[in-house]
Amino acid sequence: MVLTGAGISKESGLETFRDADGIWSTVRIEDVATPEAFARDPGRVHAFYNARRRGLLDPKIQPNAAHAALARLERAWPGPVLLVTQNIDDLHERAGSSALVHMHGEMLKARCGGCGTIAPWRDDLGVDTVCPACRGAGTLRPDVVWFGETPLEMERIVAALAACALFVSIGTSGNVYPAAGFVEEARYVAGAHTVELNLEPSAGVTAFHEARHGPATVLVPAFVEELLARV
(Lines give C-alpha, C1' and ligand atoms only; values in the text may rest on other atoms or scores of the structure.)
Protein backbone atom coordinates (compact mmCIF):
# COMPACT_ATOMS: atom_id res chain seq x y z
CA MET A 1 0.00 0.00 0.00
CA VAL A 2 1.25 3.45 -0.94
CA LEU A 3 0.01 6.65 0.70
CA THR A 4 0.70 9.96 -1.05
CA GLY A 5 0.27 13.55 0.08
CA ALA A 6 0.76 17.04 -1.25
CA GLY A 7 4.54 16.70 -1.41
CA ILE A 8 4.38 14.45 -4.46
CA SER A 9 2.36 17.01 -6.43
CA LYS A 10 4.34 20.03 -5.28
CA GLU A 11 7.08 19.14 -7.75
CA SER A 12 4.49 19.33 -10.53
CA GLY A 13 3.85 22.95 -9.56
CA LEU A 14 0.78 22.60 -7.32
CA GLU A 15 0.60 24.48 -4.05
CA THR A 16 0.73 22.48 -0.84
CA PHE A 17 -1.57 23.18 2.08
CA ARG A 18 0.56 22.79 5.22
CA ASP A 19 3.99 24.10 4.24
CA ALA A 20 5.08 27.39 5.82
CA ASP A 21 4.11 29.15 2.58
CA GLY A 22 1.21 26.80 1.79
CA ILE A 23 -2.44 27.56 1.19
CA TRP A 24 -3.43 27.38 4.86
CA SER A 25 -0.97 30.18 5.62
CA THR A 26 -3.02 32.56 3.47
CA VAL A 27 -6.61 31.54 4.19
CA ARG A 28 -8.41 30.13 7.22
CA ILE A 29 -9.63 26.54 7.05
CA GLU A 30 -12.80 27.64 8.86
CA ASP A 31 -13.63 30.06 6.04
CA VAL A 32 -13.33 27.75 3.02
CA ALA A 33 -12.99 24.07 3.94
CA THR A 34 -15.82 23.09 6.28
CA PRO A 35 -19.50 22.31 5.74
CA GLU A 36 -20.30 25.28 7.98
CA ALA A 37 -18.26 27.62 5.77
CA PHE A 38 -20.18 26.43 2.71
CA ALA A 39 -23.53 26.93 4.44
CA ARG A 40 -22.49 30.40 5.61
CA ASP A 41 -20.84 31.73 2.44
CA PRO A 42 -21.03 29.34 -0.53
CA GLY A 43 -19.79 32.02 -2.92
CA ARG A 44 -16.52 32.39 -1.06
CA VAL A 45 -16.01 28.63 -0.88
CA HIS A 46 -16.74 28.25 -4.59
CA ALA A 47 -14.27 31.02 -5.42
CA PHE A 48 -11.55 29.29 -3.40
CA TYR A 49 -12.04 25.93 -5.11
CA ASN A 50 -12.57 27.48 -8.54
CA ALA A 51 -9.08 28.95 -8.24
CA ARG A 52 -7.65 25.56 -7.21
CA ARG A 53 -9.44 23.85 -10.12
CA ARG A 54 -8.17 26.37 -12.67
CA GLY A 55 -4.67 25.94 -11.33
CA LEU A 56 -4.86 22.17 -11.71
CA LEU A 57 -6.08 22.54 -15.31
CA ASP A 58 -3.18 24.81 -16.27
CA PRO A 59 -1.33 23.02 -19.11
CA LYS A 60 1.93 23.52 -17.23
CA ILE A 61 0.73 21.20 -14.43
CA GLN A 62 1.69 17.66 -15.43
CA PRO A 63 2.52 14.39 -13.63
CA ASN A 64 6.14 14.14 -12.58
CA ALA A 65 8.64 11.29 -12.33
CA ALA A 66 7.29 10.19 -8.95
CA HIS A 67 3.74 9.82 -10.28
CA ALA A 68 5.07 7.88 -13.28
CA ALA A 69 7.15 5.57 -11.08
CA LEU A 70 4.12 4.62 -8.96
CA ALA A 71 2.10 3.85 -12.10
CA ARG A 72 4.97 1.65 -13.25
CA LEU A 73 5.03 -0.14 -9.88
CA GLU A 74 1.33 -0.92 -10.18
CA ARG A 75 1.84 -2.42 -13.65
CA ALA A 76 4.97 -4.43 -12.85
CA TRP A 77 4.51 -5.63 -9.28
CA PRO A 78 3.44 -9.30 -9.16
CA GLY A 79 0.92 -8.76 -6.35
CA PRO A 80 -1.79 -6.18 -5.61
CA VAL A 81 -0.81 -2.54 -5.17
CA LEU A 82 -3.24 0.00 -3.71
CA LEU A 83 -2.43 3.68 -4.01
CA VAL A 84 -4.26 5.84 -1.46
CA THR A 85 -3.88 9.57 -1.99
CA GLN A 86 -4.80 12.50 0.20
CA ASN A 87 -4.51 14.70 -2.89
CA ILE A 88 -7.56 16.00 -4.72
CA ASP A 89 -5.72 16.44 -8.04
CA ASP A 90 -5.78 13.95 -10.92
CA LEU A 91 -2.03 13.61 -11.50
CA HIS A 92 -1.90 9.95 -10.46
CA GLU A 93 -4.59 9.10 -13.01
CA ARG A 94 -2.84 11.07 -15.72
CA ALA A 95 0.37 9.16 -14.98
CA GLY A 96 -1.44 5.85 -15.44
CA SER A 97 -2.39 4.67 -11.92
CA SER A 98 -5.74 2.89 -11.73
CA ALA A 99 -5.77 1.01 -8.38
CA LEU A 100 -6.39 4.30 -6.65
CA VAL A 101 -8.41 5.71 -3.75
CA HIS A 102 -8.93 9.47 -3.38
CA MET A 103 -9.65 9.50 0.35
CA HIS A 104 -10.19 13.28 0.36
CA GLY A 105 -12.23 13.42 -2.85
CA GLU A 106 -11.48 14.88 -6.27
CA MET A 107 -11.24 18.47 -7.43
CA LEU A 108 -12.45 17.64 -10.94
CA LYS A 109 -15.79 16.31 -9.72
CA ALA A 110 -18.90 18.00 -8.34
CA ARG A 111 -21.45 16.56 -5.93
CA CYS A 112 -25.10 17.54 -5.71
CA GLY A 113 -26.45 18.10 -2.23
CA GLY A 114 -29.96 17.57 -3.56
CA CYS A 115 -29.86 14.30 -5.47
CA GLY A 116 -26.42 12.99 -4.51
CA THR A 117 -25.15 12.78 -8.08
CA ILE A 118 -21.36 12.96 -8.52
CA ALA A 119 -20.29 14.16 -11.95
CA PRO A 120 -17.02 15.10 -13.67
CA TRP A 121 -16.55 18.86 -13.49
CA ARG A 122 -13.91 21.08 -15.06
CA ASP A 123 -15.65 24.47 -15.04
CA ASP A 124 -16.22 26.98 -12.26
CA LEU A 125 -19.01 26.30 -9.76
CA GLY A 126 -21.26 29.01 -8.38
CA VAL A 127 -24.31 29.51 -6.21
CA ASP A 128 -26.54 29.42 -9.30
CA THR A 129 -24.92 26.47 -11.08
CA VAL A 130 -27.54 23.89 -12.12
CA CYS A 131 -27.11 20.19 -11.36
CA PRO A 132 -27.05 18.25 -14.66
CA ALA A 133 -29.04 15.40 -13.10
CA CYS A 134 -31.85 16.90 -11.01
CA ARG A 135 -31.72 20.45 -12.49
CA GLY A 136 -31.60 21.94 -9.02
CA ALA A 137 -29.85 25.32 -8.80
CA GLY A 138 -27.24 26.09 -6.18
CA THR A 139 -27.01 22.48 -4.97
CA LEU A 140 -23.57 21.61 -6.34
CA ARG A 141 -20.36 21.61 -4.29
CA PRO A 142 -16.83 20.41 -4.97
CA ASP A 143 -16.58 16.66 -4.41
CA VAL A 144 -13.90 17.05 -1.76
CA VAL A 145 -13.83 16.00 1.88
CA TRP A 146 -13.93 19.02 4.15
CA PHE A 147 -12.71 19.23 7.73
CA GLY A 148 -15.31 17.56 9.94
CA GLU A 149 -16.34 15.09 7.20
CA THR A 150 -15.37 11.41 6.98
CA PRO A 151 -12.71 10.46 4.40
CA LEU A 152 -13.89 8.27 1.55
CA GLU A 153 -13.56 4.47 1.18
CA MET A 154 -12.24 3.95 4.70
CA GLU A 155 -13.39 0.31 4.79
CA ARG A 156 -11.32 -0.46 1.71
CA ILE A 157 -8.32 1.39 3.14
CA VAL A 158 -8.52 -0.37 6.52
CA ALA A 159 -8.74 -3.76 4.79
CA ALA A 160 -5.68 -2.95 2.67
CA LEU A 161 -3.71 -1.81 5.71
CA ALA A 162 -4.53 -5.05 7.54
CA ALA A 163 -3.32 -7.12 4.60
CA CYS A 164 -0.27 -5.23 3.37
CA ALA A 165 3.31 -6.46 3.64
CA LEU A 166 4.84 -3.14 2.59
CA PHE A 167 3.56 0.34 3.45
CA VAL A 168 5.12 3.37 1.79
CA SER A 169 4.28 6.98 2.69
CA ILE A 170 5.28 9.66 0.19
CA GLY A 171 5.12 13.44 0.53
CA THR A 172 2.97 13.60 3.65
CA SER A 173 3.27 15.82 6.72
CA GLY A 174 2.12 13.18 9.17
CA ASN A 175 -0.20 15.72 10.79
CA VAL A 176 -3.58 14.87 9.27
CA TYR A 177 -5.62 12.00 10.68
CA PRO A 178 -6.72 9.37 9.94
CA ALA A 179 -3.97 9.12 7.29
CA ALA A 180 -1.25 9.96 9.82
CA GLY A 181 -2.16 6.80 11.75
CA PHE A 182 -1.94 4.44 8.78
CA VAL A 183 1.73 3.65 9.38
CA GLU A 184 1.03 2.37 12.88
CA GLU A 185 -1.82 0.17 11.65
CA ALA A 186 0.37 -1.26 8.89
CA ARG A 187 3.39 -1.81 11.14
CA TYR A 188 1.85 -2.99 14.37
CA VAL A 189 -1.37 -4.67 13.17
CA ALA A 190 -0.33 -6.13 9.81
CA GLY A 191 3.39 -6.49 10.56
CA ALA A 192 4.25 -4.63 7.37
CA HIS A 193 7.62 -3.12 6.55
CA THR A 194 7.14 0.65 6.59
CA VAL A 195 9.01 3.24 4.54
CA GLU A 196 8.83 7.04 4.48
CA LEU A 197 9.88 8.93 1.35
CA ASN A 198 9.57 12.61 2.14
CA LEU A 199 11.30 15.91 1.55
CA GLU A 200 11.96 16.14 5.29
CA PRO A 201 11.09 13.99 8.33
CA SER A 202 7.33 13.87 8.92
CA ALA A 203 5.67 14.19 12.31
CA GLY A 204 5.39 10.39 12.44
CA VAL A 205 8.84 9.49 11.15
CA THR A 206 9.73 7.38 14.20
CA ALA A 207 6.99 4.87 13.30
CA PHE A 208 8.76 3.90 10.06
CA HIS A 209 11.37 1.16 9.69
CA GLU A 210 13.07 3.22 6.97
CA ALA A 211 13.05 6.93 6.18
CA ARG A 212 14.62 8.52 3.12
CA HIS A 213 14.49 12.26 2.69
CA GLY A 214 14.77 14.32 -0.46
CA PRO A 215 12.70 15.27 -3.54
CA ALA A 216 9.95 12.82 -4.49
CA THR A 217 11.06 12.93 -8.13
CA VAL A 218 14.42 11.48 -7.05
CA LEU A 219 13.45 9.16 -4.20
CA VAL A 220 10.36 7.50 -5.62
CA PRO A 221 11.79 6.35 -8.99
CA ALA A 222 14.89 5.02 -7.22
CA PHE A 223 12.82 3.16 -4.64
CA VAL A 224 10.57 1.63 -7.29
CA GLU A 225 13.66 0.49 -9.20
CA GLU A 226 14.90 -1.23 -6.04
CA LEU A 227 11.58 -2.99 -5.49
CA LEU A 228 11.24 -4.20 -9.05
CA ALA A 229 14.83 -5.46 -9.09
CA ARG A 230 13.83 -7.95 -6.40
CA VAL A 231 10.92 -9.39 -8.40
Side-chain angles (χ1 to χ4, degrees), residues 1-34 37 48-49 52 55-56 61 63-67 69-70 82-92 97 100-107 142 144-154 157-158 160-161 164 166-188 192-223:
M1 178 172 162
V2 179
L3 172 70
T4 65
I8 196 170
S9 294
K10 183 176 182 179
E11 291 184 67
S12 288
L14 289 180
E15 295 176 282
T16 62
F17 284 86
R18 291 184 175 271
D19 283 348
D21 60 347
I23 292 169
W24 297 142
S25 69
T26 62
V27 65
R28 294 193 335 139
I29 289 169
E30 296 86 349
D31 291 335
V32 296
T34 67
F48 175 79
Y49 284 98
R52 307 277 83 72
L56 175 57
I61 304 299
N64 61 50
H67 295 105
L70 292 177
L82 180 65
L83 175 56
V84 177
T85 186
Q86 297 170 274
N87 299 335
I88 57 177
D89 61 63
D90 67 338
L91 297 180
H92 282 303
S97 292
L100 177 63
V101 172
H102 278 276
M103 65 178 293
H104 291 162
E106 299 178 64
M107 174 59 66
V144 299
V145 176
W146 286 326
F147 289 87
E149 296 181 327
T150 303
L152 305 178
E153 297 197 57
M154 285 302 299
I157 293 170
V158 169
L161 284 168
C164 74
L166 175 64
F167 174 82
V168 186
S169 177
I170 302 168
T172 65
S173 66
N175 287 313
V176 181
Y177 284 83
F182 289 173
V183 59
E184 295 186 352
E185 292 188 50
R187 178 170 181 170
Y188 299 115
H193 185 70
T194 55
V195 180
E196 171 173 283
L197 306 177
N198 211 33
L199 187 61
E200 56 190 21
S202 72
V205 66
T206 56
F208 291 89
H209 291 102
E210 292 182 58
R212 307 181 189 186
H213 299 122
T217 51
V218 175
L219 294 182
V220 179
F223 184 71

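All heavy atoms count here, side chains included; hydrogens, waters and symmetry mates do not. Residues: numbered from 1 along the sequence shown.
Between Val84 and Leu161 there is no side-chain heavy-atom pair separated by less than 4.5 Å. Ile8 places none of its side-chain heavy atoms less than 4.5 Å from the side chain of Thr85. Side-chain contact between Val183 and Glu196: absent, with no pair of heavy atoms (C-beta onward) separated by less than 4.5 Å. Considering only heavy atoms from C-beta on, His92 comes within 4.5 Å of His67 through its side chain. Counting only heavy atoms from C-beta outward, the side chains of Val101 and Leu152 never approach each other to under 4.5 Å. Ile88 places none of its side-chain heavy atoms less than 4.5 Å from the side chain of Glu106. With a 4.5 Å cut-off on side-chain heavy atoms, Ile157 and Met1 count as touching.
For the residue pair Ala6 and Asn87, the shortest heavy atom distance occurs at N-OD1, 3.0 Å. The two residues Ala69 and Pro221 have their closest heavy-atom pair at CB-CA, 3.7 Å. The minimum heavy-atom distance linking Ala33 with Trp146 is given by the pair O-CB, 3.2 Å. For the residue pair Ala186 and Thr194, the shortest heavy atom distance occurs at CB-CG2, 4.4 Å. Of all heavy-atom pairs spanning Pro178 and Met154, the tightest one is CG-CE, 3.9 Å. For the residue pair Ala216 and Ile170, the shortest heavy atom distance occurs at CB-CG2, 4.5 Å.
If you take CG on Leu199 and CG on Leu219, they are separated by 8.5 Å, rounding to the nearest 0.5 Å. Here OG of Ser202 is found 11.0 Å from CG of Leu197. Values are rounded to the nearest 0.5 Å. Between the CG atom in Leu100 and the CG atom in Leu82 there is a gap of 8.0 Å [rounded to 0.5 Å].
Remark: His209 pairs with His193 by the ring-ring contact (aromatic ring centres under 6.0 Å, His included) rule, at least two apart or across chains. Residues satisfying the side-chain contact (heavy atoms from CB on, under 4.5 Å) test with Gln86, not counting sequence neighbours, are Leu3, Met103, His104, Thr172, Val176, Ala179.
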inquiry  = Between Val205 and Asn198, is the side-chain contact (heavy atoms from CB on, under 4.5 Å) condition met? List the steps.
reply    = CA-CA 10 Å; Val205 66; Asn198 211 33; over 6 Å; no
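Using a 3.5 Å distance cut-off with no hydrogens or angles, the side chains of Ser9 and Asp89 do pair a donor with an acceptor.
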